[in-house]
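The block underneath contains the structure these notes are about, expressed in structure tokens.
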Protein chains: 2
Amino acid sequence: MMQFDNIYKISDAAKEALNQLMREEVYPKNALIQPVGSSCRTVYIIKKGSARIFYYKDGNDITEHFAFDNDMIVRAESLFTGQPTSKGIQTIDRTEIIALDAFKLFQLYDQHHDLERLFRLIFEREYVNTVKRLESLQFKSAKERYLDLLNSTDYVQKIPLKYIASYLGITQVSLSRIRNRLL
Amino acid sequence: MMQFDNIYKISDAAKEALNQLMREEVYPKNALIQPVGSSCRTVYIIKKGSARIFYYKDGNDITEHFAFDNDMIVRAESLFTGQPTSKGIQTIDRTEIIALDAFKLFQLYDQHHDLERLFRLIFEREYVNTVKRLESLQFKSAKERYLDLLNSTDYVQKIPLKYIASYLGITQVSLSRIRNRLL
DNA sequence: TAGAATTTTTGCCAAAGGTCAGGCGGTGTA
DNA sequence: TACACCGCCTGACCTTTGGCAAAAATTCTA
């Protein structure tokens, strides 16, 4: 289980209620966990493995987000609005995941305020990560962004180049050239 | 005052406590509300006017965010981490603002859970906006982003081009050319 | 209102990145 | 084994955007 305790300590009762909600799921490589066009009704936490959020733009597969061990993965624009999203979630490697029914989780907030607080803090972190990513997309060169990503996690080595390229906002071809020039 | 009620109704007691925290401030055009390098300890809500979050990259002034009537403006990466940020806040026009001491607000959460919920929901909206902006920076052309911005609010007409350019992730010169080509 | 300062536009050239097409090596499968 | 497929690389050429500089337009201010 995730190290929630580092973020905010919740009561045993809340912990118990939360545990009731958790479903452990294991997916093979390249499994489509959530299809494009669905609504986000599940909060996923990656126990071990890797996954990505993606969508199609002009027929091209674009990776918006990567998640690895202990990362949470949700499609915020759907989870927090109730609207369906044109984004999907797919595993990259074989992945062990903890799935939480979002609706039930939100319902628990009424009984367990500490649970609401815990998840508020968790989502705040995600928010901050998103702001930082925005910053890097706004004014860093593709090469800088690639180097930043390389430094962020060793997992990057295992991710197909095509996923990385769109995540960086460039084409595979350009990323291949950037890599080449780095040698 | 903001239409909080549309988001989540809070008790009279919470409303009262919140009102105690609110300071109304009026700033002239181009006023530096929060300097670069400071920590974000205040939640601002714009009553009337416009402001921006900006920072310097390689000596260039970069606008990260615009806010207009009824928008909240905070530097999330500092507010939620406690770390100082290299970003500042500046008015664009004469602006009437409601300022909330963030520390006191967060303290109120312990007594007023409905206040915590209200602000959780408010920040979730901000989070969603940030995700959408990320999406547009990742794979839309500068021209598309400019047109999107134009459609988003009439205020854009009043914002200096140099602010808009960096917000879109391009230089003033490029934006000027894009504008020209649109005629 | 004149002059200064700032903002926006334009021209010219360079660099980054996109598009299209083909090549090459590894993997899977009949 | 042969062949198809996939992922990544490379070349040629094009488009978008950047850098620099200067002109034009606008705004500020005395």
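So that the names make sense, note that chain A is the first sequence line, chain B the second, and so on, each numbered from 1.
- Using a 4.0 Å heavy-atom cutoff across all strands shown, A:Lys162 reaches sugar-phosphate atoms only and no base atom.
- Residues B:Asn180 and A:Lys143 each lie close to DNA chain C; by heavy-atom proximity, the contact nearer the 5' end of the strand is made by B:Asn180.
- Summarising the geometry, the separation between CG on B:Asp58 and P on D:dG18 is reported as 13 Å, rounded to the nearest angstrom.
- Put simply, NZ on B:Lys158 is 19 Å from C1' on C:dT7, counting in whole angstrom units.
- OP1 or OP2 of D:dG18 has at least one side-chain nitrogen or oxygen of B:Thr171 nearer than 4.0 Å.
- Atom CG in A:Leu175 sits roughly 15 Å away from atom P in C:dT19 (whole-Å rounding).
- A:Tyr109 has its ring centre less than 6.0 Å from the ring centre of A:Phe106.
- B:Ile170 places its CD1 atom 15 Å from the C1' atom of D:dG19, with the value rounded to the nearest Å.
- Comparing D:dT17, C:dG11, C:dG18 by their closest approach to the side chain of B:Arg177 singles out C:dG11.
- Regarding A:Lys29, its NZ atom lies at a distance of 14 Å from the P atom of D:dC6, rounded to whole Å.
- Of the possible donor and acceptor atoms, none in the side chain of A:Ser78 sits under 3.5 Å from a partner among the backbone N and O of A:Ser39.
- In this structure a side-chain-to-backbone donor-acceptor pair under 3.5 Å is present from A:Asp69 to A:Gly49.
- B:Ser50 contributes no side-chain N or O that, together with a main-chain N or O of B:Ala67, makes up a donor-acceptor pair within less than 3.5 Å.
- Mapped onto DNA chain C by nearest heavy atom, B:Tyr163 and B:Val173 fall at different nucleotides, with B:Tyr163 at the one closer to the 5' end.
- Side-chain N/O atoms of A:Lys140 include none lying less than 4.0 angstrom from OP1 or OP2 on C:dA16.
- To the nearest angstrom, C1' of C:dT19 lies 13 Å from CZ of B:Phe139.
- Rounded to a whole Å, the CD1 atom of A:Ile178 is 8 Å from the C1' atom of C:dG17.
- Taking the centre of each ring, A:Phe80 and A:Phe123 come in below the 6.0 Å mark.
- When heavy atoms are screened at a 4.0 angstrom cut-off, B:Arg179 is found touching the sugar-phosphate backbone but no base atom.
- Between the C1' atom of D:dT17 and the CZ atom of B:Arg181 lies a distance of 9 Å, rounded to the nearest Å.
- No engagement by A:Gln172 is indicated, since no non-hydrogen atom pair under 4.0 Å with the nucleic acid exists.
- When heavy atoms are screened at a 4.0 angstrom cut-off, B:Ser176 is found touching base atoms of the nucleic acid.
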